[in-house]
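Data block below; observations after.
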Amino acid sequence: MTLRREAFLDQVKERGDYKDVQEADRAARVVLALLGAHLVGGVRAELAARLPEAFSLILLNPLQSAEPLSPERFVRATAAWIEGATEATAAWDVSAVLSTAADAAGEALMQQILLQLPAGYDLLFGRPQRT
């Protein structure tokens, strides 16, 4: 089931403790564009189908990445794309957006997503995996 834009942004706003929806929207756009560069095929399409249309399009038309970024580099890249962000604030942005996306994805799809990503992304999604 596709999440409505307002509901998605309200969750990101709450989790990121943003003062307004515009901040949540900005974080969501950057984080999902970076995430889209790391996911492929049906997994990316299935996650996109569960997100609001505007964010779905961002995920399906991602920023380009020459190689998969480690979780730490993903956070640094997020900081570079968000004006005024630091690595600490970017970690907060990533967590707020990816945990909301994980809720929309559900457990079965999250397992498939995590299989496509380097080790450590489970923590960015707020879904620590047992090793």
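Sequence positions, counted from 1, serve as the residue numbers for this chain.
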What are the two closest heavy atoms between [X] and [Y], and how far apart are they?
| X | Y | answer |
| --- | --- | --- |
| G120 | P71 | C-CG, 3.5 Å |
| V40 | Q116 | N-OE1, 2.8 Å |
| S56 | A49 | OG-N, 4.4 Å |
| L123 | P128 | CD2-CB, 3.7 Å |
| P68 | P118 | CB-CG, 3.8 Å |
| A79 | E87 | CB-N, 4.1 Å |

Measuring from [X]:[atom1] to [Y]:[atom2], what's the distance to the nearest 0.5 Å?
| X | Y | atom1 | atom2 | value |
| --- | --- | --- | --- | --- |
| L9 | E23 | CG | CD | 12.0 Å |
| L51 | I58 | CG | CD1 | 10.0 Å |
| K13 | Q22 | NZ | CD | 9.5 Å |
| E107 | R127 | CD | CZ | 5.5 Å |
| L32 | L60 | CG | CG | 10.5 Å |
| L39 | L115 | CG | CG | 11.0 Å |

Considering residues at least two apart in sequence or located in another chain, which fulfil the ring pair (Phe, Tyr, Trp, His ring centres under 6.0 Å) criterion with F125?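 If we apply the ring pair (Phe, Tyr, Trp, His ring centres under 6.0 Å) test to F125, skipping adjacent residues, there are no hits.
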Side chain to side chain contact (heavy atoms under 4.5 Å, CB included) between V30 and D93: does it pass, once the steps are laid out? CA-CA 9 Å; V30 169; D93 295 327; over 6 Å; no
Verify, without hydrogens or angle tests, whether [X] (side chain) and [Y] (backbone) share a donor-acceptor contact under 3.5 angstrom.
| X | Y | result |
| --- | --- | --- |
| D25 | V21 | no |
| R15 | S99 | yes |
| S95 | W92 | no |

Using the test salt bridge (Lys or Arg N to Asp or Glu O under 4.0 Å), find all partners of E46 that sit at least two apart in sequence or belong to another chain.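 Salt bridge (Lys or Arg N to Asp or Glu O under 4.0 Å) check on E46 returns R50.
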Identify, with sequence neighbours excluded, every residue that meets salt bridge (Lys or Arg N to Asp or Glu O under 4.0 Å) alongside R26.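 With neighbours one apart ignored, the set is empty.
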Indicate, with yes or no, if L47 and V43 share a hydrophobic cluster defined by side-chain heavy-atom contacts under 4.5 Å among Ile, Leu, Val, Met, Phe, Trp and Tyr.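 In one cluster: yes.
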Specify whether H38 and Y121 have parallel, tilted or perpendicular ring planes, treating 30° as the upper limit for parallel and 60° as the lower limit for perpendicular.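 H38 vs Y121 ring planes: tilted.
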If the plane angle is over 60° it's perpendicular, under 30° parallel, otherwise tilted; pick one for F8 and F55.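 Correct class here is tilted.
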Looking at L98, L114, V31, V97, which hits side-chain contact (heavy atoms from CB on, under 4.5 Å) with L124?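 Output: one option passes, namely L98.
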